[in-house]
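Down below is the structure, laid out as structure tokens.
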Amino acid sequence: CSIHQHWGLTLYDPDDLPPSWAAGMSAPSTSKPGLKEEHCLSQALHHRLEGLPDVMTEFRKVINSSGVRVRRPLSAPQLPPLPACYTRQHENSYVQQDSPPPATQEGVRLTYPARDISVSSVDIGSGDISHPGGSIEPGHIPDNALQAYALSGAGAQLQALEELLGVDFTSLGPQLACFGPGVPQSAFLLHGGEQQALQRLRQYAWGREEGSDSAGPPDSPPSLAYYTNTRAQAVGDWSSTKMSPFINLGCISPRTIWWEVAAVQQAAAYADMPQSACNWLGMHLQIRDYYIFTALKAGDELMTEWGIKGLPLAAAWTQDTAAFGRWARGTTGLPFVDASMRELAGSGWMSNRSRQNVASLLTKDLGIDWRMGAQLFECLLIDHDVGVNYANWNYFAGTGTDPRARRFKTVTQGMQYDAEAALAAAWIPELAHLPPHLRHEPWKQEKAEKSEESEKCEKSPSAYPDPMLNPADQTGVLPAVEGSSSANSKQAKRARKQAKAQQALAQELTMGL
């Protein structure tokens, strides 16, 4: 028996990165936190990462001009079949045909007949690991999240998280897989596993589950055809690929996605389908690589107060726990931010656009230490990746390699990317009865209407709070509709310029493919 290691975390294999990045550079110093020997990276990779471009667009230029190819994904290994005495009960469960397995205090023991391949046994309930001997001890399966955390010694941390968010995670049983399919209003309605990942990818890219295995161009029109425009939307099951949880849990490789999209692109050349969407999805896989390689290069500096740059900003970060609590619970009084944060706490998912806005508000408007936001994301996101998450938070906090400072107008962003305020209707029941324009700006209710409502809700904990910041500072100008009378005004031109800048920003972020 031999073990062969294969790198599958990123689109590009580290061994294939352009060596020219490090041309003329001396060997890396191990005094830098990111280059300590215990980080388990080869000195050759250290050397290459030292020359990694500081700006994402430059990274993509070098990658594309150097002719670096994406390796083909490895074929799935062929596992030996189960013994004939076992039959399949359902997708992931097998039972013994001849007699029921003996019950134990920790669970059910399945004993395999003697084979020339021994199976190690892990008892989850007791934590004991038995020697290889041909049996599997499933142990006790926790009934809820609290039990699972308690078994790992983190029960107190889960309770602290519940208190912060006002969410009872113990009510989530194992069948809900904690998040996603068990929450009706969630935009992530998928279950885990490789087959689910492949099915989603093929349906999204081709419009059919057979994907490239079926002859002919994509069914018209697959969701991928609209990716360029829809991925920034704050709501919708098919607005984005939703592949990031599958990638980060190891259900599918980014290379599998790349080559599937390449097949679509080739087929699209013979069909009436724009290829730009294929290019955009491939580009965001490259951006994901950039953040992961940036994190490997930065090492421990990635998570320090002043981040990758290491340069203090004009104002020191605060750790205002009260303000942070309102942000985390989704009670800032700014609906787009609040609905996004409640979606995160309630489902483990948040759209790309929402992540940008909540990060902007926390760091640029509230001035709260960005690491507090990054750590909360780490606790809650079902697609969390250390490099992508922390490098993106560096980016928005102004402590990363981003050369431009950005601040989002969160109210206007909500109007632009969720015109019907569907996110607020789904996650903020206090506002669900209002029309869309008031769900975006509830402070604009007529005084009489608001007074009547306050009489009903004044003593209720469900009353929606007043904004903790001036809404005017969170409101900009919506881009004018092309062809309208105001489309050529200075204000409209400025708005389109801002929208173009926001679009460029979306190209540089990959939080939630």
Side-chain angles (χ1 to χ4, degrees), residues 5 7-15 17 21-22 25-56 58-59 152-154 157 160-161 244 247-250 287-319 321 324 328 355 359 362-364 367-381 383-403 405 508-511:
Q5 293 184 345
W7 181 281
L9 177 64
T10 54
L11 188 64
Y12 298 104
D13 192 283
D15 290 338
L17 294 178
W21 281 348
M25 296 180 63
S26 59
S29 168
T30 56
S31 62
K32 186 177 180 180
L35 298 175
K36 291 181 179 178
E37 293 180 358
E38 60 263 29
H39 282 211
C40 301
L41 296 177
S42 68
Q43 286 297 312
L45 178 54
H46 281 165
H47 203 189
R48 292 189 179 188
L49 292 181
E50 275 284 76
L52 185 75
D54 289 336
V55 182
M56 183 279 302
E58 185 63 26
F59 167 81
S152 64
Q157 286 82 350
L161 186 62
S244 53
I247 295 175
N248 294 322
L249 291 174
I287 299 170
R288 178 179 178 272
D289 271 20
Y290 170 72
Y291 282 122
I292 291 174
F293 290 137
T294 296
L296 289 172
K297 175 184 176 181
D300 297 341
E301 292 178 353
L302 185 74
M303 301 182 185
T304 58
E305 181 180 6
W306 303 117
I308 300 171
K309 281 184 179 178
L311 300 174
L313 302 180
W317 297 117
T318 70
Q319 295 196 357
T321 55
F324 178 75
R355 299 183 200 200
L362 185 75
T363 59
K364 299 297 175 61
I368 292 176
D369 192 329
W370 66 270
R371 294 172 297 177
M372 297 171 69
Q375 289 166 6
L376 184 64
F377 270 35
E378 183 174 3
C379 290
L380 297 176
L381 282 173
D383 65 352
H384 180 264
D385 176 275
V386 173
V388 174
N389 180 46
Y390 280 86
N392 266 294
W393 273 96
N394 267 267
Y395 184 96
F396 262 103
T399 59
T401 55
D402 175 26
E508 297 184 19
L509 295 174
T510 185
M511 295 194 293

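It should be emphasised that the depicted structure is a prediction, and the values quoted were computed from it without experimental measurement. Values reported hereafter were calculated over all heavy atoms of this structure, with side chains retained and with hydrogens, waters and symmetry mates removed. Residue numbers run from 1 in the order of the sequence given.
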Closer than 3.5 angstrom, by distance alone: can the side chain of [X] be matched with the main-chain N or O of [Y] as a donor-acceptor pair?
X: Tyr290; Y: Asp54; answer: yes
X: Lys309; Y: Asn394; answer: no
X: Trp370; Y: Glu305; answer: yes
X: Thr10; Y: Asp289; answer: no

Which heavy atom of [X] sits nearest to which heavy atom of [Y], and what is that distance?
X: Asp369; Y: Leu362; answer: O-CD2, 4.4 Å
X: Gly400; Y: Ile308; answer: CA-CB, 4.2 Å
X: Ala374; Y: Tyr390; answer: CB-CE2, 3.6 Å
X: Trp306; Y: Thr399; answer: O-CB, 3.3 Å
X: Cys379; Y: Leu161; answer: CB-CD2, 4.2 Å
X: Arg371; Y: Met303; answer: CD-O, 3.0 Å

Parallel, tilted or perpendicular, as decided by the 30° and 60° cut-offs, for the rings of Trp7 and Phe293: parallel
Using the ring of each side chain (for Trp, its six-membered ring), is Tyr395 parallel, tilted or perpendicular to Tyr291, with breaks at 30° and 60°? perpendicular
Hey, mind stepping through Leu52 and Thr294 against side-chain contact (heavy atoms from CB on, under 4.5 Å) and telling me if it holds? CA-CA 7 Å; Leu52 185 75; Thr294 296; 3.6 Å; yes
Taking C-beta and beyond as the side chain, do Asp383 and Val388 meet within less than 4.5 Å on heavy atoms? no
Before giving the answer on side-chain contact (heavy atoms from CB on, under 4.5 Å), spell out for Thr363 and Trp393 the whole-Å C-alpha distance, their side-chain angles and the decisive distance to 0.1 Å. CA-CA 9 Å; Thr363 59; Trp393 273 96; 4.0 Å; yes
Give the intermediate values and the outcome of side-chain contact (heavy atoms from CB on, under 4.5 Å) for residues Thr318 and Met372. CA-CA 10 Å; Thr318 70; Met372 297 171 69; over 6 Å; no
Does the side chain of Arg355 pick up a donor-acceptor pair with the side chain of Asn389 at under 3.5 Å? no
Determine whether Asn248 and His384 satisfy the following criterion, side-chain contact (heavy atoms from CB on, under 4.5 Å), listing intermediate values before the conclusion. CA-CA 7 Å; Asn248 294 322; His384 180 264; over 6 Å; no
